Amino acid sequence: MSELYLKGIKETDPEVYGTLERELNRQQNQIELIASENIASLSTLNAQGSVMTNKYAEGYPGKRYYGGCEFVDQAEEIALQRVRELFNCKYANLQPHSGAQANQAVFLALLKPNDTFLGMSLASGGHLTHGAKPNISGKWFNAVQYGVKKDGNDKDLIDYDEVESLAVEHRPKIIIAGASAYPRIIDWKKFKIIADKVGAYFMVDMAHYSGLIAGKEYPNPIEFADVVTSTTHKTLRGARSAMILTNNEDIYKKINSAVFPGLQGGPLMHVMAAKAVSFGEALKPEFQEYIKKVILNAKILSETLVNRGFRIVTGGTDSHLVWLDLTPKNLTGDKAEKILEEVGIACNKNAIPYDPNPPKITSGLRFGTSAATSRGFNENDFKLVGEMISDMLDSLLLNDQESIKVAKETKNKVLDMCKNYPIYNRAF
Ligand code: DSN
């Protein structure tokens, strides 16, 4: 694949070519468990690295501020028609460059500076852009944060009573549901009822779940939400970009003005073409089969880790996410992430609810099964992956000689598994 995809760069810019080749080798030889990543199809990569890179197209199809837009208009129209079908919605804006910008566009459309909104806290598995203090969402607005239950039968699950009482107390203009580590089904209807009670807009950021929703294995929020944002490259396995969906014409008009000219200039039309391609892929029945496997593999991974004595935050998963609590093993997330990376297992440290450790250390790890499932990993493979993760984490309690032996054996197993599933030599 590298010869085909990187053709030309090798001769014209060997220095950058080297970085691309090394990254391809890393992806080939590591087991990718970062929950927000995936392996886009070669067609998506090719569309993104295409001649549409060269085109400016400020405005929307048929209403551009530049000439020569006939064909980029066609690409955007195809992408729009496909995404509306995929998520069963009336209106879509596909121009936000990223999920963070999609969320900013909603704020620009529906809020004024210092307005109050309600979002899930980062510490409970929410997202940075839902009101965390270091982010613009937490600096320019009065962001009130809800979380998950600390104990009881529904420990780690979204505290809907808290959402309701905070909403009643603070009267937010927007209530946001959506998360980046929460592995369970979110009750969109409950959020909508609370939003209606206080006259708030209900916004869903489905970035992590959009592929699962397109694959019909996770509830579609469009039925309840006033506005839905998402990235397009996580479980949805598309181009690296974002989108905003709604069924409300008035909100749609406000969102369009907020994205352009409010927040962005020219849309990235090569990315638009790549989004059209990946939405086409997600509409195929094979994508639904893929998503079923993603969730099954996450359940297997979660069960394997539980059988090896680990605690999974929320006790399991309904999605691609597995959220590991390392406190019963007396380990920290940063150390665990490092030793797994050394043997070729890529994941990220992640705070757990009510984490005693600071965000740069954490007491948890977040895993996702979308990328490895894309390259063909099955249930047996994910059982082995769970065993390898457990072997490595348990090896921290062994003496140096024994732990070096475990690391060496695990690294070889990782390489063997990766060899069985080469990337970019098969059609998805
Ligand atoms: N950074 C992404 C994630 O890892 O979930 C979200 O933006």
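When a ligand or atom number is given, it counts from 1 through the structure's own listing order. Predicted model, so just to flag it, every value in this text is computed and none were measured. Atom set for the values below is all heavy atoms of this structure, side chains included, hydrogens, waters and symmetry mates excluded.
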TODO: Ignoring hydrogens, tell whether any protein atom lies closer than 4.0 Å to atom 1 (N) of ligand 1; use the non-hydrogen atoms only.
DONE: no
Open item on the list: Assess whether a salt bridge exists between E342 and K338, defined as any Lys/Arg side-chain N lying under 4.0 Å from an Asp/Glu carboxylate O.
Closed with: no
Exercise: do [X] and [Y] side chains pair donor with acceptor under 3.5 Å:
X    : Y    : answer
Y290 : S374 : yes
D205 : H130 : yes
D156 : T314 : no

Open item on the list: Going by side chain to side chain contact (heavy atoms under 4.5 Å, CB included), F310 matches just one of L324, I389, L365. Which one?
Closed with: L324
Would you mind running through ligand 1 and noting each atom that sits below 4.0 Å from a heavy atom of [X]?
X    : value
H127 : 6 (C), 7 (O)
S180 : 5 (O)
H208 : 3 (C), 5 (O)

Task: Sub-4.0 Å heavy-atom contact, R366 with ligand 1 - done: yes
